[in-house]
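Only one structure is covered here, and it is reproduced in the block below.
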Amino acid sequence: MNDGQLLRYSRHILLDEIGIEGQQRILDGSALIVGAGGLGSPAALYLASAGLGRIVLADGDTVDLTNLQRQILHTQERLDQPKALSGRVALAQINPEVRVEAITSRLAGDALTALVADTDVVLDCCDNFATRHAVNRACVSQRTPLVSGAAIRFAGQLAVFDSRQRDTPCYHCLFPEGDDIEDLRCAVTGVFAPLTGIIGAMQAAEALKLVAGAGEVALGRLWLLDGLSMEWRSVRFGHDPSCPVCTPAGVS
């Protein structure tokens, strides 16, 4: 680190759990953020401000006026721009040292797998189960940690999955694909603006802890937030031995 970086990241370096070594791991680290909306916005801003070396921001949507209530990466001046490109502008303004790659199409198949394999951690900040399960399969196959968040109405949730560790659950273990789970969209049901900030910031925190090797992450726990009462509860869950994604048969 040069003198400017030592000063910029001094408040991290002062933390015994991070220090110079942990901050250097952050500077050398990388993350794929799937979705540059309500969750992806605060997550990306905190990862960039913390100095994460490379951020891949993927979103196939464009900035709409209704997004600005909560999607703090974007501004009215960038309406109708691809969210990934708008986000890259915002992140460059907060920390020009961070390398930001903008993906303006929906990730799937080999392209998704290749990006997952090329990053240290993946943040699932999307809004539909099809993409969530595709991201989970790619993370399991590439042994890449996954930080999953969701927010709708006044309800938020957070969980971390790390298939590098033996007998730990994946996203499919918690929310099996094919179950009759309805995609709830903000455009139909609404969402409390600060809720996305809370969950997205927590996703950034868990991702930074994974990259820096600091503390414990929320493995095997689903954190649930009731934004109306501001009460948290934690539900423990385990590996599904018959999971078709993360069992040896599924991985192979």
Side-chain angles (χ1 to χ4, degrees), residues 26-63 67 70-74 78 81-108 111-139 142 144-151 156-162 171 186 195-212 217-218:
I26 292 172
L27 294 174
D28 295 336
S30 60
L32 167 62
I33 302 176
V34 183
L39 298 174
S41 289
L45 287 168
Y46 271 113
L47 292 182
S49 66
L52 191 71
R54 172 173 166 257
I55 296 174
V56 182
L57 194 59
D59 197 307
D61 202 0
T62 57
V63 180
N67 301 149
R70 66 201 177 281
Q71 298 184 16
I72 56 177
L73 267 179
H74 314 300
R78 297 199 293 273
Q81 289 188 18
K83 287 183 181 179
L85 296 180
S86 171
R88 184 169 64 184
V89 171
L91 298 184
Q93 290 173 338
I94 196 169
N95 193 344
E97 294 182 350
V98 174
R99 176 185 168 194
V100 181
E101 300 174 18
I103 308 295
T104 59
S105 57
R106 184 180 293 273
L107 287 177
L112 171 59
T113 302
L115 282 173
V116 168
D118 195 36
T119 50
D120 296 318
V121 62
V122 176
L123 287 77
D124 173 11
C125 301
C126 72
D127 62 357
N128 67 88
F129 282 106
T131 300
R132 291 183 185 278
H133 281 289
V135 169
N136 177 64
R137 287 192 296 270
C139 287
Q142 301 305 311
T144 303
L146 171 63
V147 182
S148 177
Q157 66 182 39
L158 174 87
V160 178
F161 308 92
D162 191 350
Y171 184 83
C186 297
L195 178 70
T196 61
I198 295 169
I199 301 298
M202 290 184 65
Q203 287 183 264
E206 295 296 271
L208 288 171
K209 285 158 58 181
L210 282 163
V211 173
V217 295

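The first residue of the sequence shown is numbered 1, and numbering continues consecutively from there.
Looking only at side-chain heavy atoms (C-beta outward), F161 and P145 stay at 4.5 Å or farther from each other. Taking the side chain as every heavy atom from C-beta outward, R106 and T131 approach each other to under 4.5 Å. In this structure the side chain of I72 reaches within 4.5 angstrom of the side chain of L45, judged on heavy atoms. No side-chain heavy atom of L32 sits under 4.5 Å from any side-chain heavy atom of L123. Side-chain contact between L73 and L91 is present, with at least one heavy-atom pair separated by less than 4.5 Å. Taking 4.5 Å as the limit, some side-chain heavy atom of V122 sits within range of a side-chain heavy atom of C139. Using a 4.5 Å cut-off on side-chain heavy atoms (C-beta onward), T62 and Q81 make no contact.
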- Message: As a quick check of understanding, evaluate side-chain contact (heavy atoms from CB on, under 4.5 Å) for L208 and L47, giving each step before the final call.
- Response: CA-CA 7 Å; L208 288 171; L47 292 182; 3.6 Å; yes
- Item | Full working for side-chain contact (heavy atoms from CB on, under 4.5 Å) between I55 and V98 | CA-CA 7 Å; I55 296 174; V98 174; 3.9 Å; yes
- Message: Go through it in stages, so that I can follow the logic: the residues are Q203 and L158, the test is side-chain contact (heavy atoms from CB on, under 4.5 Å), and I'd like the CA-CA distance, side-chain angles, deciding distance and then a yes or no.
- Response: CA-CA 7 Å; Q203 287 183 264; L158 174 87; 3.5 Å; yes
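Rounding to the nearest 0.5 angstrom, the gap separating the CG atom in L146 from the CD atom in E206 is 12.0 Å.
With L115 as the partner, the side chain to side chain contact (heavy atoms under 4.5 Å, CB included) test is satisfied by one option alone out of I103, V34, T144: I103.
Residues passing the side-chain hydrogen bond (donor to acceptor under 3.5 Å, both in side chains) test with D124 are R132, sequence neighbours excluded. Take E101 and apply the side-chain hydrogen bond (donor to acceptor under 3.5 Å, both in side chains) test, not counting sequence neighbours, and it matches R54, R99. In terms of the side-chain hydrogen bond (donor to acceptor under 3.5 Å, both in side chains) criterion, D61 has no residue partners (sequence neighbours excluded).
What you find for A102 and R88 is that their closest heavy atoms are CB-NH1, 4.1 Å.
By the 30° and 60° cut-offs, the orientation of the rings of H133 relative to Y171 is perpendicular.
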